[in-house]
A.B. asks: 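Please find one structure pasted underneath; my questions will follow.
Letters A, B, ... mirror the listed sequences (proteins, then strands); counts begin at 1. All figures in this text were calculated on a predicted structure; none of them were measured in a lab.
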Amino acid sequence: MILRTFGFSEFGFLVSALLWTVVLTIIALGGGGIVGFFIALARTSTHKWLRIVAATYIQIIQGIPVLMILFLSYYGLSLAGLQLPPLVAAGASMTIYASGYLAEIWRGCIQSVPKQQWEASESLAMTRVQQYRYVILPQALRISLPSTVGFAVQVVKNTSITSIIGFVELARAGQLINNATFQPFRVFLAVAALYFVVCYPLSQLSRWLERRLHARSHR
Amino acid sequence: MSYTFQFGVIAQYQNEILAGIWMTIKLSVASIILGCAAGILLASIRSMKTGIGRILVDAYVEIIRNTPFLVQLFIVYFGMPGLGIRVSAVTAALIGMTINLAAYSTEIIRAGIESIHKSQIEAGEALGFTRLQIYRHVIIMPAIAKVYPALCSQFVLMMLASSVCSAISTNELAASAAFVESQSFRSFEIYIVVTLIYLALALTLRGVLAVIGLWLFGRRVARRTAIALPEVQT
């Protein structure tokens, strides 16, 4: 038997698997962004119970491993009688994971908008919704950009965990190639390099946004 | 839904689960101690003004922080035997966790060191401190006191991330869960229980770290540690 070696076509397979990593990241950030946004609003709401529920949700999600969220949604969905492809279980769990962290990041951003902005908009007879829409959220959004992009790096990296339930993204593709070629060092170094190519520009972007935000607020 | 939950089955496997918890604790504590020590060392090298050391530390930190922990584990466990270094799954997990945590602690402690004002060091010199005394009492300890909550968040995240080590067959808590699941077929129940155990471990670790913070740095740092959530390092 002739073993395959890690060559050009194998690398091509890794690159196509990278596409699924990106798809999963987009699902996680999109879904987690929507859920996380409402949790961040609940976390900063004037209702005490809403705040407590949101804070508990955040504490739980940040206190359990991503892998456990993954297993629970994987087995939970099948218990509920749904026969779903791994992409749905992976997407659902990455959404839950991202929502818990994004909610906390954005809570910090909403609360870092100066209190006078609330008072000024209230004195203009704005409703609560108007205050959020026209005064608070636009400012919070600007503050949130660096840490949100920074968190995107974490999401890209953590999508690798979905390989454990058999979703074929970059890390899983690396395992498959390794099983065919038995050149683990080369294969996983290539996998790591591909992750780096995606994550490093995002990290640098986050850092650049951070510096720009800092420069503005100290003007 | 016609499914009946049976949590009783899990009690039969308590020895496996306890062994998993113990392994998770051992791996976490060892990697926290080693990773933190390496972080202090590397951050000190990084804070030197010039030299190849600074470039190397920067490269190390960026490479580790921009690649997934799982892939790092694969390289250590599956890749290193090709270079003639063969390690057990537990050792590989410990190496992987230490390498990963060292990079994050370096970055956090570096930020702490940079926040120490130059006049502090000059004040230390004026008091006749030796270089080592300045380094220890004026730079490192105050720097760590400043970033201690962030550092602890990273430790908790590392403990949670150790669940991924089950993918290289390290027999920690997540692997115990997988084993019990394969024996009992009570997937959802076992993962609910193990998730709650992880939650308890995370809260306990945070509490222990807050107590250590109280002992090392006083009440203010301890309080910030206790309430801080795992923050995202960017």
A.B. asks: Does OH in B/Tyr191 sit with more than 12 non-hydrogen atoms of other residues, nucleotides or ligands closer than 6.0 Å?
C.D. replies: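 More than 12 within 6.0 Å, yes.
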A.B. asks: Determine the option with the most heavy-atom pairs under 4.5 angstrom with chain A, choosing from B/Ala202, B/Ser187, B/Ala161, B/Ala177.
C.D. replies: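 With the most close heavy-atom pairs to chain A, the winner is B/Ser187.
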A.B. asks: How are the rings of A/Phe188 and B/Phe74 set relative to one another: parallel (under 30°), tilted (30 to 60°) or perpendicular (over 60°)?
C.D. replies: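 Correct class here is tilted.
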A.B. asks: Report which part of A/Gln175 has an atom under 4.5 Å of a heavy atom belonging to chain B: side chain, backbone, both, or neither.
C.D. replies: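 Side chain only.
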A.B. asks: Would you mind checking which part of B/Ala174 comes under 4.5 Å of any heavy atom in chain A, side chain (CB onward), backbone (N, CA, C, O), both or neither?
C.D. replies: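 Answer is both: backbone and side chain atoms of B/Ala174 are under 4.5 Å from chain A.
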A.B. asks: Can you name the nearest heavy-atom pair linking A/Tyr101 to B/Leu157, along with the distance?
C.D. replies: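 Distance-wise, the nearest heavy atoms are OH-CD2, 3.4 Å.
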A.B. asks: Considering all heavy atoms of both residues, which atom of B/Leu70 and which atom of A/Ser160 are nearest to each other, and what is their separation?
C.D. replies: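 So the two residues come closest at CD2-O, 3.2 Å.
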A.B. asks: Using non-hydrogen atoms and a 4.5 Å limit, figure out which bit of B/Ser166 sits close to chain A: side chain, backbone, both or neither.
C.D. replies: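 Contact with chain A: side chain only.
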A.B. asks: Under 4.5 Å from any heavy atom of chain A, what part of B/Leu201 do you find: side chain, backbone, both or neither?
C.D. replies: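 No part of it gets close to chain A.
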A.B. asks: How close do A/Ala192 and B/Thr67 get, counting heavy atoms only, and between which atoms?
C.D. replies: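 Reported closest heavy-atom pair: O-CG2, 3.3 Å.
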A.B. asks: Show the nearest heavy-atom pair for residues B/Met80 and A/Phe185, with the distance to one decimal.
C.D. replies: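 Smallest interatomic distance, heavy atoms only, reads N-CD1, 4.3 Å.
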A.B. asks: State the CG-CZ distance between A/Leu77 and B/Phe188, to the nearest 0.5 angstrom.
C.D. replies: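 So the gap between those two atoms works out to 9.0 Å.
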A.B. asks: Would you mind telling me which of A/Leu72, A/Ile164, A/Leu67 has the largest number of heavy-atom pairs within less than 4.5 Å of chain B?
C.D. replies: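 Of the candidates given, the most pairs with chain B belong to A/Leu72.
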A.B. asks: Using a cut-off of under 4.5 Å for heavy-atom pairs, which of B/Leu203, B/Leu83, B/Ile197 has the most such pairs with chain A?
C.D. replies: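 Sorted descending by pairs with chain A, the first entry is B/Leu83.
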A.B. asks: Would you say that more than 12 heavy atoms from the other residues, nucleotides or ligands in this model lie under 6.0 Å from the CZ of A/Arg186, or not?
C.D. replies: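 No.
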A.B. asks: Which atom names give the shortest non-hydrogen contact between A/Gly63 and B/Leu160, and what distance separates them?
C.D. replies: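 Looks like O-CD2, 3.4 Å.
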A.B. asks: Quick check for you: to the nearest 0.5 Å, what is the distance between A/Gln59 atom CD and B/Arg206 atom CZ?
C.D. replies: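 Going from the CD atom of A/Gln59 to the CZ atom of B/Arg206 covers 7.5 Å.
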A.B. asks: Given heavy-atom pairs under 4.5 angstrom as the criterion, report whether the side chain, backbone, both or neither of A/Ser163 touches chain B.
C.D. replies: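 Interface part for A/Ser163: side chain.
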A.B. asks: How long is the straight-line distance from CD1 of A/Ile161 back to OG of B/Ser163, given to the nearest 0.5 Å?
C.D. replies: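 Answer for the OG-CD1 pair, B/Ser163 versus A/Ile161, is 6.5 Å.
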A.B. asks: Around atom CZ of A/Phe11, are there more than 12 heavy atoms from other residues, nucleotides or ligands closer than 6.0 Å?
C.D. replies: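 Check fails, neighbour count at 12 or below.
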A.B. asks: How long is the span from the CE atom in A/Met68 to the CG atom in B/Leu173, to the nearest 0.5 Å?
C.D. replies: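 Those atoms lie 6.5 Å apart.
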A.B. asks: Quick one: do B/Glu181 and A/Phe71 satisfy side-chain contact (heavy atoms from CB on, under 4.5 Å)? Show the steps, please.
C.D. replies: CA-CA 11 Å; B/Glu181 192 240 323; A/Phe71 278 133; 6.0 Å; no
A.B. asks: Which atom pair, heavy atoms only, marks the closest approach of A/Phe196 to B/Glu62?
C.D. replies: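 The answer is CE1-O, 3.5 Å.
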A.B. asks: Under 4.5 Å heavy-atom distance to chain A, tell me which part of B/Ile192 shows up: side chain, backbone, both or neither.
C.D. replies: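 It is both, since atoms from each part get that close.
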A.B. asks: What part of A/Leu170 gets closer than 4.5 Å to chain B, counting heavy atoms only: side chain, backbone, both or neither?
C.D. replies: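 For A/Leu170, there is no contact with chain B at all, as no heavy atom is under 4.5 Å.
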